[in-house]
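Structure record follows, encoded as C-alpha cells.
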Amino acid sequence: MRKTLASEAVVKGIGLHTGVPVTMTFKPAENGITFLRTDLPNAKPILAHADNVGSTLRGTNLINNTAEVWTVEHALSALHALGITDVAVEMDGPEPPVTDGASDVFADALAKAGVKELGSEQPALNIKQKITYSCGDISYTAEPADKLTFTFLFLHKHPLVARQEYTLEFTPENYLKEISRARTFGFEEELAFLKAHGLAKGGNLENAVIVGKDKFVNELRYPDELVRHKILDLVGDLSLTGRKLPPLKITCTRGGHKHNVIFAKILLANSEDK
C-alpha cells in the first residue's frame, strides 16, 4: 500500500556542499514525494522522479522550471527504507541537512512522526527478465529473484579501500541496522579541490569519512563503511522510479549517482506493465 506520514517530521542542519543552514519539513501528502523550496517565492513542488534529475555532480539534484534541490539521495533512501511513498518535503534552502552524513537521522525523525497507509497500492516495477547496463568498467544488473537484494562492488586505486563488497537483503530492519549509519566519504587529497569549486563547504569530520594517505582520519562505524554508503545512495536513487521495487537481485560495480539514475530509467523502460 502507499504510505505517508501520520504527522510532520523536521530535520535541521547545514547542507553538505553549500554549507547553508536549512530546515527540512516532511508533511503528510498523497501525490508522491515532492520537494518545495519555501525560500523561493515562485517555486513549485518538484516531483522526486528520475525524469526530474537535473545533475548528478557529487549528489542527485532535482529540478523543475522554478527551482532546484541538491543532494536529495539520503532523504530519499530513508523514505524508501520505511516504505513512505507520499510526502511533501519543504526546504527553506537549496540542500537538505547533511546531518551525520548518513540517512539514520532522517529515518529516526520519520519513524517518530509515524507512518500511515493510504487507500491505494503503489505500482511496482514488473521486471520479468535480466536487465543489464554498463558504461566502461561500471556495470549494473537486475534480475527476478525470490527476495530483494543489493550487491555493490566498490573498487578504488587507494590502497586503504581498494576493494569493498557488500550484499544487503533489503528489509527495513536490515537497512536501518546495516546501511543507514554509513556516512558519505571523501579523500583527503580531494578536499582542497572540492572547496575550490564551491563544494563540500559543510563537510567535516562529524558528517563524513575522510580517507587519508595511509589511514582513516576519523573512526569508522563499519569496517566497510564506504561500500555500505554506496548502497545507501543506490537505494535513494533507484527510488526515483516512483515504483515499488519487487523481489530482484540488483548488482552494481563501480556505480555512482549518474549511472544509478540512468539505471533507474532503464528499469522503468523495461517494466512490463499490464
Side-chain angles (χ1 to χ4, degrees), residues 3-5 9 11 13 15-17 24 26 32-35 46-50 52-53 56 58-62 69-87 89 91 95-113 115 122 125 140 142 148-152 154 166-185 207-209 221-222 224-245 248 250 252 255-264 267:
K3 294 178 181 178
T4 189
L5 292 176
V11 179
L16 172 62
H17 291 305
M24 193 174 191
F26 299 82
I33 296 172
T34 60
F35 290 84
I46 308 170
L47 181 66
H49 192 277
N52 293 330
V53 174
T56 49
R58 296 288 174 169
T60 300
N61 309 321
L62 301 175
V69 289
W70 292 21
T71 53
V72 295
E73 62 272 7
H74 298 174
L76 288 175
S77 189
L79 286 164
H80 189 75
L82 295 176
I84 299 169
T85 59
D86 296 74
V87 66
V89 185
M91 295 166 48
E95 187 180 22
V98 63
T99 66
D100 62 352
S103 66
D104 54 337
V105 173
F106 293 115
D108 289 347
L110 295 167
K112 288 177 182 176
V115 179
Q122 183 189 25
L125 288 171
Y140 293 74
L148 177 59
T149 62
F150 293 87
T151 296
F152 201 107
F154 178 81
Y166 190 81
T167 295
L168 171 74
E169 180 180 339
F170 189 83
T171 66
E173 296 77 17
N174 286 349
Y175 174 94
L176 293 173
K177 180 181 178 182
E178 306 294 348
I179 300 298
S180 72
R181 296 182 66 250
R183 295 161 294 175
T184 193
F185 58 88
N207 56 39
V209 175
R221 292 178 172 178
Y222 309 96
D224 50 1
E225 188 165 355
L226 277 65
V227 71
R228 294 184 193 226
H229 186 81
K230 283 290 192 177
I231 291 178
L232 186 158
D233 283 344
L234 181 59
V235 170
D237 289 338
L238 291 188
S239 76
L240 292 168
T241 63
R243 305 282 193 95
K244 178 182 178 180
L245 292 174
L248 291 171
I250 297 173
C252 177
H257 295 298
K258 175 183 176 179
H259 297 283
N260 290 349
V261 173
I262 291 172
F263 193 58
L267 290 176

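Below, all heavy atoms of this structure are taken into account, side chains as well, without hydrogens, waters or symmetry copies. This is a predicted model, so every value here is computed, not measured.
- With rounding to the nearest 0.5 Å, the separation of CD1 in Ile231 from CG in Asp224 is 8.5 Å.
- For Ala182, the side-chain contact (heavy atoms from CB on, under 4.5 Å) test picks out Tyr222, Glu225, Arg228, His229, with sequence neighbours left out.
- With sequence neighbours excluded, the residues forming a ring pair (Phe, Tyr, Trp, His ring centres under 6.0 Å) with His259 are Tyr133, listed by chain and number.
- For the pair Thr34 and Val89, the minimum side-chain heavy-atom distance is 4.5 Å or more.
- The main-chain N or O of Gly255 is found under 3.5 Å from a side-chain atom of Lys230 such that the two form a donor-acceptor pair.
- Inter-residue side-chain proximity for Ile33 and Leu47 is flagged as unmet; no heavy-atom pair is nearer than 4.5 Å.
- Within the 4.5 Å cutoff, no side-chain heavy atoms of Cys252 are placed close to those of Phe263.
- Looking at Glu169 and Phe150, their side chains never come closer than 4.5 Å, going by heavy atoms from C-beta outward.
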Could you give me the CA-CA distance, side-chain angles and deciding distance for Arg183 and Asn207, then say whether side chain to side chain contact (heavy atoms under 4.5 Å, CB included) is met?
-> CA-CA 7 Å; Arg183 295 161 294 175; Asn207 56 39; over 6 Å; no
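- With hydrogens and angles disregarded, no donor-acceptor distance shorter than 3.5 Å links the side chain of Asp86 to the backbone of Thr4.
- Within the 4.5 Å cutoff, the side chain of Ile84 has heavy atoms near those of the Leu5 side chain.
- Taking Ala111 as the reference, nothing meets the side-chain contact (heavy atoms from CB on, under 4.5 Å) condition, with sequence neighbours excluded.
- With sequence neighbours left out, the side chain to side chain donor-acceptor pair (under 3.5 Å) criterion links Asn52 to no other residue.
- Of all heavy-atom pairs between Trp70 and Pro96, the closest is O-CD, 2.8 Å.
- Using a distance-only test at 3.5 Å, with no hydrogens or angles considered, a donor-acceptor pair links the side chain of Glu73 to the main chain of Thr60.
- Aromatic ring centroids of Phe152 and Tyr166 lie 6.0 Å or more apart.
- Applying the side-chain contact (heavy atoms from CB on, under 4.5 Å) test to Arg243 and every residue at least two apart in sequence or in another chain returns Pro123, Leu125, Thr241, Leu268, Ser271, Asp273.
- In this structure, the side chains of Leu238 and His80 stay at 4.5 Å or more apart for every pair of heavy atoms.
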Apply side chain to side chain contact (heavy atoms under 4.5 Å, CB included) to Phe170 and Ile250, showing your working.
-> CA-CA 11 Å; Phe170 189 83; Ile250 297 173; over 6 Å; no
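- No side-chain donor-acceptor contact under 3.5 Å links Thr56 to the backbone of His257.
- Remark: Val105 engages Val11, Thr99, Asp100 in a side-chain contact (heavy atoms from CB on, under 4.5 Å) (not counting sequence neighbours).
- In this structure, CG on Leu82 lies 6.0 Å from CG on Leu176, to the nearest 0.5 angstrom.
- Residues Ala9 and Ala113 come closest through the heavy atom pair CB-CB, 3.9 Å.
- For Glu95 and Thr71, the side-chain atoms include at least one donor-acceptor pair closer than 3.5 Å.
- Counting heavy atoms from C-beta outward, Thr184 and Leu16 have side chains that approach closer than 4.5 Å.
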